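Sequence lines set the chain letters: A, B, ... in the order given, protein chains first and strands last, and positions in each chain run from 1. Note: hydrogens, waters and symmetry copies are ignored here, and every other heavy atom, side chains too, is used. From a predicted model like this one, the values you see are computed outputs, not experimental measurements.
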There are 2 protein chains.
Amino acid sequence: MISQKAKYALRALVALARRPAGKPTFISEIAETQNIPKKFLEQILLDLKHHGLVASRRGKAGGYGLLRPADTISFGEVLRIVDGPIAPLPCLSKIAYRRCEDCKDEASCEVRRVFAQVADATRGVLDRTTIADALEARLPARLRDAVA
Amino acid sequence: MISQKAKYALRALVALARRPAGKPTFISEIAETQNIPKKFLEQILLDLKHHGLVASRRGKAGGYGLLRPADTISFGEVLRIVDGPIAPLPCLSKIAYRRCEDCKDEASCEVRRVFAQVADATRGVLDRTTIADALEARLPARLRDAVA
DNA sequence: ACTTACTCTACAGGGACAATATAGTTTCAA
DNA sequence: TTGAAACTATATTGTCCCTGTAGAGTAAGT
């Protein structure tokens, strides 16, 4: 299960991607159209800004906008920012590897071996799918076929 | 991330699968060889018993054993028992569907559409991999190739 | 100035997770 | 028949994280 926060973040980015680039969008507008608590959304967008995904302008004509093109922002990147590692086990994370305390030998760990497959499959989708992809009604072929 | 409890459950089942069927294994033995807190493992095995995966015998010569052949117990089944739904969003769960409160139209939800792919990929591995598969050093071809 | 909007920090309530504790019950064997 | 070993069951505890809320501050346009 991904967190509510991650879901909000992705929905907000999708909403921003629909807007003409260059013109900032109010937090309040996104909050209303996407059903997201405004104060919570503020935190989320601020976080995304600190990670360079969006930019903001303050004041009366302020708001948020995408800082990078939508087709360069992957779902995986957003999830890692908001929820942390994607890997199902700490010992399988690329960005935050941690040995499992209990687990005598990592190389021979059966559970790890199986979940490595899960991690690959998951990353295969999340790191290849961008916000721009999400906008299109039909997913691009490379994603439709990858799973089957 | 899967829970510690799920990892323990899977490791315990793998350990049981290695033993000759019919002869029960002590909880304490599994706990020691697998580095699992004994009392915690008791709860977990009891839970698995209630779901029909393992059987137990009480008393001095008691212990636990697999109730079903190892190649009929999938990782997915175990995870669902211990951790609940596998789906990354409540609205994608097969065993515990729940509409997302915020989310105006499920059919057109971009986030949902992408995570449906993730769910398929994940289930593809977890529901096809059994405890017996995990025992083998090399994963069966159907799993190795599925991801690539 | 005044309003509007973003920025930042702090914190609170609830629930899940990972055990631990305690009190049984069953079985076998000496 | 008594004791020890092993499973059964429920309750409780401490910690952490998730989901927000609150409030004061800063910047920009009019």
Side-chain angles (χ1 to χ4, degrees), chain A residues 1-12 16 23-32 34-51 53-65 67 79 81-85 88-90 96 98 100-103, chain B residues 1-12 16 23-32 34-51 53-65 67 79 81-85 88-90 96 98 100-103:
Chain A
M1 289 279 184
I2 68 170
S3 71
Q4 192 71 8
K5 197 172 171 182
K7 199 169 35 163
Y8 288 160
L10 290 167
R11 287 230 308 267
L16 286 179
K23 314 212 162 171
T25 307
F26 295 150
I27 289 183
S28 54
E29 183 184 328
I30 303 176
E32 279 162 30
Q34 301 295 323
N35 264 323
I36 305 174
K38 188 185 164 202
K39 292 298 268 179
F40 198 21
L41 181 57
E42 285 180 5
Q43 284 182 40
I44 294 168
L45 287 174
L46 200 54
D47 205 10
L48 296 179
K49 176 188 173 180
H50 290 157
H51 284 86
L53 299 196
V54 298
S56 65
R57 197 153 69 197
R58 302 224 266 194
K60 202 164 184 183
Y64 273 91
L67 186 54
L79 277 186
I81 290 172
V82 176
D83 277 0
L89 291 172
R98 256 186 44 238
C100 292
E101 313 292 340
D102 52 298
C103 180
Chain B
M1 289 277 185
I2 67 170
S3 72
Q4 190 71 7
K5 197 170 170 183
K7 197 168 40 164
Y8 288 160
L10 288 168
R11 288 229 307 270
L16 286 180
K23 314 211 166 173
T25 307
F26 295 150
I27 288 184
S28 55
E29 184 184 328
I30 303 176
E32 278 161 32
Q34 301 293 324
N35 265 323
I36 305 174
K38 188 186 164 201
K39 292 299 267 180
F40 198 22
L41 182 57
E42 285 179 3
Q43 284 181 41
I44 294 167
L45 287 174
L46 200 55
D47 206 10
L48 295 180
K49 175 186 172 181
H50 290 156
H51 284 86
L53 299 195
V54 297
S56 65
R57 196 153 70 197
R58 303 225 263 195
K60 203 165 184 181
Y64 273 90
L67 186 55
L79 278 185
I81 289 172
V82 176
D83 278 0
L89 292 172
R98 256 186 44 239
C100 292
E101 314 291 341
D102 53 300
C103 180

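- Side-chain N/O atoms of A/K39 and base N/O atoms of D/dG23 include a donor-acceptor pair closer than 3.5 Å.
- A close approach under 4.0 Å does occur between a side-chain nitrogen or oxygen of B/Y8 and OP1 or OP2 of C/dA19.
- The distance from atom CD1 of B/I36 to atom P of C/dT20 is 13 Å, rounded to the nearest whole Å.
- One can place CD1 of A/I2 at 14 Å from C1' of D/dT19, the figure rounded to the nearest angstrom.
- Atom CG in A/N35 sits roughly 16 Å away from atom P in D/dT19 (whole-Å rounding).
- Closest approach of A/C103 and B/N35 over heavy atoms only: N-ND2, 4.5 Å.
- Among the heavy atoms of the strands lying under 4.0 Å from A/I27 are primed sugar atoms or P, OP1, OP2 only; no base atom is included.
- Side-chain proximity of B/L46 to C/dA18, D/dA9, C/dC6: nearest is D/dA9.
- Note: B/S28 OG to B/I36 CD1 = 12.0 Å, rounded to the nearest 0.5 Å.
- Each of D/dT21, D/dG29, D/dA5 was ranked by its minimum atom distance to the side chain of A/K60; first place goes to D/dG29.
- With rounding to whole Å, B/K49 atom NZ is found 16 Å from D/dA6 atom P.
- Distance B/L45 CG to D/dA6 P: 14 Å, rounded to the nearest Å.
- At distances below 3.5 Å, not a single donor-acceptor pair connects side-chain atoms of A/R57 with backbone N or O atoms of A/Y64.
- Between A/E42 and A/P37, the residue whose closest nucleotide on DNA chain D is further toward the 5' end is A/P37.
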With side-chain contact (heavy atoms from CB on, under 4.5 Å) as the test, would you mind laying out the steps for B/K7 and A/L89 before giving the verdict? CA-CA 9 Å; B/K7 197 168 40 164; A/L89 291 172; 3.7 Å; yes
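- Each of D/dT19, D/dA9, D/dT30 was ranked by its minimum atom distance to the side chain of B/H50; first place goes to D/dA9.
- At whole-Å resolution of the value, CE in A/M1 and C1' in C/dG15 are 15 Å apart.
- At D/dT8, one or more side-chain N or O atoms of B/S56 fall inside 4.0 Å of OP1 or OP2 (strictly under the cut-off).
- For the pair B/I44 CD1 and C/dT20 P, the computed distance is 12 Å after rounding to whole Å.
- Of the residues near DNA chain D, A/G59 and A/K5, the one whose nearest nucleotide (by heavy atom distance) lies more toward the 5' end is A/K5.
- Side-chain to base pairing of A/Q43 with D/dT21: one donor and one acceptor N or O lie within less than 3.5 Å of each other.
- No contact: A/K7 has no heavy atom under 4.0 Å from any strand.
- One can place CD of B/Q4 at 21 Å from P of D/dG14, the figure rounded to the nearest angstrom.
- The one candidate from B/H51, B/K49, B/Q43 that meets the side-chain contact (heavy atoms from CB on, under 4.5 Å) condition with B/D47 is B/H51.
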